[in-house]
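See structure below.
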Number of protein chains: 2
Amino acid sequence: MNEAFPNPAKNFCDTCAVRNRAICSELDNEEIVALNAIGQRKHLSAGEQLLWEGDEAVVVANVVEGMMKLSTSTIDGKEQILGLAFPSDFIGRPFGQSTPYTVEAMTDVLVCVFRRVDFDRFAREHPRLEHKLLERTLSELDRTRKWMLILGRMTAEQRVATFLLDLSSRFATADAGPTVPFGLQLSRGQIADVLGLTIETVSREFTKLKKAGVISLPNRREVAIEKREVLEDLAG
Amino acid sequence: MNEAFPNPAKNFCDTCAVRNRAICSELDNEEIVALNAIGQRKHLSAGEQLLWEGDEAVVVANVVEGMMKLSTSTIDGKEQILGLAFPSDFIGRPFGQSTPYTVEAMTDVLVCVFRRVDFDRFAREHPRLEHKLLERTLSELDRTRKWMLILGRMTAEQRVATFLLDLSSRFATADAGPTVPFGLQLSRGQIADVLGLTIETVSREFTKLKKAGVISLPNRREVAIEKREVLEDLAG
DNA sequence: CGCACCGTTGAACATGGTCAAGACTCGTGG
DNA sequence: CCACGAGTCTTGACCATGTTCAACGGTGCG
């Protein structure tokens, strides 16, 4: 059977869910084949780590399915989530010696992995890819800086409100009404790590918002925004 | 005199203090001339702003001399400094519609300014420049993420200690001894904005460190680190 | 000299963290 | 099907850290 002897040129990019959104989107077919040759797909279970803070930067990757977190922690063990990576997001540190943060799967994840040295070489030979990566890195920097304002200057209430609005926009489906519940994906503890708060504070803010009728919590892992304007006010 | 009729091809890059460190460092002479043609030098006095948060992204620039800050603020007026730009640093948002933060001179500043559209075009035509910019953006992202840990998880004492160590390394001259005082450049208020604290807390932490003999404050605008190891311990 | 401006210090207060107990959820096994 | 237990979430009481408000001190400049 043909399936037993797969065509070596056959590439998984053809059917890739993020083919048109990830950094590869600018590449033509020939380039995609070349890129495909140096990459490989990998499944990770929730909780598995792909990169460790401080380690040599061995691989870079594209997220195809699932959700990952980038994090770091203080010497006394307090974690801070630095960013979340969704499908089509690029992770890892190209052109660098060491990985400055840990990358872990928060759900089951499918990633498209490259050895960093291979990717670096490929990128330098394909300016269109580098340009795409630059645009992505610039956006990521913008998003990260916006997050700094949250961490540096916002109250717990403002942080939670901002977080909910942000998340809702990321999961928004055009056809869904405003109050359709969406999956939180993150545990209270993870939300706390994102926002630089504790579990207890996050929980209290959630209850406060629920009692005020601003949100509802149909179950532990979902939220629905009931009064978006109020939430926007609170977010500042 | 010739000075009255400067050669239009004459370019200020030749004598530029950051010629070998800024993103232009990879360009050959011909390219430098071309870049020079679309850029211009500009002096700013301390306190002058180059970009305003939310404005259309009109210009990008290289810092040649002096120090600038990138900042944003909450709706209720609390400022957060997002980053500092030193000579050879690149500022502004290429390939973007609007500037996501305000850029202001903290000292008198000399910058090399480009209209964003000109710069964007030039960059796309010169992959080596784009590559340099990408490397710089990636480093800046790393630095910004490190900063998030400070803002999200560190105590006032840890923040101030980290800040002092960071600053000392940026002003370190190889020949200077360990306890040579260095200029703070920033007012207490600005330090507070960098660290996500208030003026008063910063002041209190400084006095605490001084009383413990860890640092000394020869005058308002200088610090000397007396016991680096202790400071490193405190920074965590 | 006098007036700003910046920095320091103190006291009261508020926000969020810590610690501890109890409730809910869900998977496992009797 | 229910009981159990682990893990997660919620709630409460107390406490610590850093903020707020206010007064005062030093320094530099007109």
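In what follows, every chain begins at residue 1, and chains take the letters A, B, ... in the order their sequences are listed.
- Rounded to a whole Å, the CD1 atom of A:Ile199 is 8 Å from the P atom of D:dT8.
- When rounded to the nearest whole Å, the span between CG of B:Asn219 and C1' of D:dG28 equals 13 Å.
- Phosphate contact (OP1/OP2 of C:dG16, side-chain N/O of A:Thr198, threshold under 4.0 Å): absent.
- A:Lys227 contributes atom NZ, which lies 14.0 Å from atom CD of A:Glu232 (distance to the nearest 0.5 angstrom).
- Interface remark: the B:Gln190 side chain does not form any donor-acceptor pair with the C:dC6 base, using a distance-only criterion of under 3.5 Å.
- Here A:Thr207 lies in heavy-atom contact (under 4.0 Å) with sugar-phosphate atoms only.
- To the nearest 0.5 angstrom, B:Ser98 atom OG is 9.0 Å from B:Glu56 atom CD.
- Nearest-nucleotide assignment on DNA chain D puts the 5′-proximal partner with A:Val202, out of A:Arg153 and A:Val202.
- Donor-acceptor pairing under 3.5 Å, judged by distance alone, is present between the side chain of B:Arg204 and the base of D:dT20.
- Here C:dT15 presents its P atom at 18 Å from CG of B:Leu197, a figure rounded to the nearest Å.
- In this structure, CG on B:Leu133 lies 5.0 Å from CG on A:Leu134, to the nearest 0.5 angstrom.
- Two residues, B:Thr201 and A:Gly189, neighbour DNA chain D, and the one matched to the more 5' nucleotide by heavy-atom proximity is A:Gly189.
- A sub-4.0 Å separation between OP1 or OP2 of D:dC9 and a side-chain N or O of A:Ser203 is absent.
- The pair B:Arg145-A:Glu140 counts as a salt bridge, with a side-chain nitrogen and a carboxylate oxygen less than 4.0 angstrom apart.
- In this structure, CZ of A:Arg159 is placed 14 Å from P of C:dT15, rounded to the nearest angstrom.
- Here C:dT15 presents its P atom at 17 Å from CE of A:Met154, a figure rounded to the nearest Å.
- C:dC24 atom P lies 11 Å from atom NZ of A:Lys210, rounded to whole Å.
- Taken from CD1 in B:Ile191 to CG in B:Leu164, the straight-line distance is 7.5 Å, to the nearest 0.5 Å.
- Whole-Å rounding puts the A:Glu200 CD to D:dT8 P distance at 14 Å.
- Rounded to whole Å, atom C1' of D:dA6 lies 12 Å from atom CZ of A:Arg220.
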